[in-house]
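Notes for the one structure printed next.
Naming convention: chains lettered A, B, ... in sequence-line order (proteins, then strands); numbering from 1 in each chain.
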Number of protein chains: 2
Amino acid sequence: MAHVSISDAEWQVMNVVWEGQPLTSQEIVAQLADQADWAAATIKTMLHRLVKKKVLTFEQQGNRYVYRSCVRRADCVKQASRSFLQRVFESEPAPLLAHFMQTTKLSAEEIADLRRILDKKEAQK
Amino acid sequence: MAHVSISDAEWQVMNVVWEGQPLTSQEIVAQLADQADWAAATIKTMLHRLVKKKVLTFEQQGNRYVYRSCVRRADCVKQASRSFLQRVFESEPAPLLAHFMQTTKLSAEEIADLRRILDKKEAQK
DNA sequence: TGTAAATAACTACAAGTGTAAACGTTGTCA
DNA sequence: TGACAACGTTTACACTTGTAGTTATTTACA
């Protein structure tokens, strides 16, 4: 689980896998067809690399592979988030939060939810 | 301003520059001494690459260079943030915000500030 | 004014990335 | 059972990145 590093393009693949696993490579290729303009071979290469990195495993079924992630998305999100916070916001969460609040669209419910999280956070002090 | 891509290590250098510019390379090296364990030559290489990428400019003063950024930090932050949001949170800001709220420490004032931002955001609807 | 010290430029090199073609193997339909 | 299609494997290649040594140039002190 240590220092797995998932590249930009690989994240795109992993997002598909985490959402629909287990998936065959054809299914993955199909899912990605809208999002990215990759040759099937390109996606196969990435699957291969992800297996080598121990981020994915596969089971063979006939001549096709069925892929499954072997790291939890939440763990990868946590790791990537920490590194982003460090790199771009020099480990200061408040400006990061302010930035995203100000530059993105949020529905009324989402705002309410976020407020609730802040409430809870404050209560915990 | 388009698609400048600043790497991980380069961000560390740029953070120093943005904070103290204009700076000579020795000053940059000195600043980074605490943060990273890089040989001076390594930092010079990065400065060089950043100049080539048009992220930095320099002025020659005698035999030393004085560096200045030629892209605004805010622009780079915006770009990196958008790309992170896309990659890791599939362009959904609310989960991103929830994640960082829940996994980081925030002071009472910071929480208050964030609430204020949410208030304003809601009022704008 | 020559030589040492400082500084920037050039060169290096392995690992990772994006991108994909070529190849070999296996399954399937005629 | 033979040929084609489907699928995974291997090979490829240029670019980026992290990391730093080597070289050339400039300055400054003796």
Side-chain angles (χ1 to χ4, degrees), chain A residues 2-17 22-33 35-68 76 79-80 83-84 86-88, chain B residues 2-17 22-33 35-68 76 79-80 83-84 86-88:
Chain A
H3 27 71
V4 199
S5 105
I6 298 176
S7 81
D8 211 323
E10 286 167 355
W11 263 95
Q12 250 173 110
V13 175
M14 286 308 297
N15 281 332
V16 168
V17 175
L23 290 172
T24 63
S25 63
Q26 312 86 77
E27 291 170 319
I28 297 170
V29 168
Q31 294 274 319
L32 284 166
Q35 297 177 47
D37 191 31
W38 284 322
T42 302
I43 297 173
K44 304 279 179 68
T45 299
M46 290 194 277
L47 290 172
H48 214 76
R49 287 180 184 166
L50 286 164
V51 169
K52 192 153 70 176
K53 287 187 187 180
K54 305 257 180 72
V55 172
L56 288 181
T57 7
F58 61 88
E59 253 172 79
Q60 208 158 352
Q61 290 192 354
N63 71 336
R64 45 181 68 180
Y65 283 12
V66 179
Y67 291 92
R68 261 193 189 74
C76 294
Q79 190 182 295
S83 129
F84 170 75
Q86 218 171 241
R87 176 173 57 253
V88 178
Chain B
H3 27 74
V4 199
S5 107
I6 297 175
S7 80
D8 210 323
E10 286 167 356
W11 263 96
Q12 248 173 110
V13 175
M14 285 308 297
N15 282 332
V16 168
V17 174
L23 291 172
T24 63
S25 64
Q26 312 87 75
E27 290 170 320
I28 296 171
V29 168
Q31 293 275 319
L32 284 166
Q35 296 178 47
D37 192 32
W38 284 323
T42 301
I43 297 173
K44 303 279 179 67
T45 299
M46 289 195 276
L47 290 171
H48 214 76
R49 288 181 183 166
L50 286 164
V51 169
K52 192 153 70 176
K53 287 187 187 180
K54 304 259 180 74
V55 173
L56 288 180
T57 5
F58 61 88
E59 251 171 81
Q60 208 158 350
Q61 292 192 350
N63 69 336
R64 45 181 68 180
Y65 283 12
V66 179
Y67 290 92
R68 261 194 191 72
C76 294
Q79 190 182 295
S83 128
F84 170 75
Q86 218 171 243
R87 176 173 56 254
V88 178

Return the value, rounded to whole Å, for the distance between atom [atom1] of [X] and atom [atom2] of [N].
X	N	atom1	atom2	result
A/Met46	C/dG18	CE	P	7 Å
A/Ile6	C/dG18	CD1	P	12 Å
A/Leu47	D/dA6	CG	C1'	16 Å
A/Ile28	D/dA6	CD1	P	18 Å
A/Lys44	C/dT25	NZ	P	16 Å
A/Lys52	D/dG8	NZ	P	17 Å
A/Leu50	C/dT17	CG	C1'	12 Å
A/Tyr67	D/dC7	OH	P	12 Å

Which pairs, protein N/O on one side and nucleotides 20-24 of chain D N/O on the other, fall under 3.5 Å?
unit_1	atom_1	unit_2	atom_2	d
D/dA20	OP2	B/Ala39	N	3.3
D/dA20	OP2	B/Thr42	OG1	3.1
D/dA20	N7	B/Thr45	OG1	3.2
D/dA20	N6	B/Thr45	OG1	2.5

Query raised in the report: Within the structure shown, what part of the strands sits under 4.0 Å from B/Gln26 by heavy-atom distance: base, sugar-phosphate, or nothing?
Result: sugar-phosphate
Query raised in the report: At under 4.0 Å between heavy atoms, what does A/Lys53 touch on the DNA or RNA strands: base, sugar-phosphate, or nothing?
Result: sugar-phosphate
Nearest to the [X] side chain among [options], which nucleotide is it?
X	options	result
B/Tyr65	D/dT10, C/dA9, C/dA6	C/dA9
B/Asn63	D/dT17, C/dT17, C/dT7	C/dT7
A/Ser5	C/dC10, C/dT17, D/dT17	C/dT17
A/Asp8	C/dA8, C/dG27, C/dG18	C/dG18
A/Ala9	D/dG18, C/dG18, D/dG8	C/dG18

**Report entry** Partners meeting side-chain hydrogen bond (donor to acceptor under 3.5 Å, both in side chains) with B/Thr57 (sequence neighbours left out)
**Finding:** none
Measure across [X] and [Y] and return the closest heavy-atom pair with its distance rounded to 0.1 Å.
X	Y	value
A/Ala80	B/Phe84	O-CE1, 3.7 Å
B/Arg68	B/Val17	C-CG1, 4.5 Å
B/Leu32	B/Gln12	CD2-O, 3.9 Å
A/Leu23	A/Val16	CD1-O, 3.6 Å

Requested in this report: Give every residue pair that meets the salt bridge (Lys or Arg N to Asp or Glu O under 4.0 Å) criterion with at least one member in residues 3-16 of chain A, sequence neighbours excluded.
Outcome: A/Asp8-B/Arg87, A/Glu10-A/Lys53
**Report entry** CD1-CE distance between B/Ile6 and B/Met46, expressed to the nearest 0.5 angstrom
**Finding:** 12.5 Å
Query - Any B/His48 side-chain N or O less than 4.0 Å from OP1/OP2 of C/dA9 - result: yes
Report task. Please state whether the phosphate of C/dA8, meaning OP1 or OP2, lies under 4.0 angstrom from any side-chain nitrogen or oxygen of B/Ser25. Result -> yes
**Report entry** No-hydrogen, no-angle side-chain donor-acceptor test under 3.5 Å, A/Glu27 and A/Thr24
**Finding:** yes
Show the distances under 3.5 angstrom between N or O atoms of the protein and N or O atoms of nucleotides 3-5 of chain C.
none

Query - Partners meeting ring pair (Phe, Tyr, Trp, His ring centres under 6.0 Å) with B/Trp38 (sequence neighbours left out) - result: none
Requested in this report: With sequence neighbours excluded, tell me which residues meet ring pair (Phe, Tyr, Trp, His ring centres under 6.0 Å) with A/Tyr67.
Outcome: none
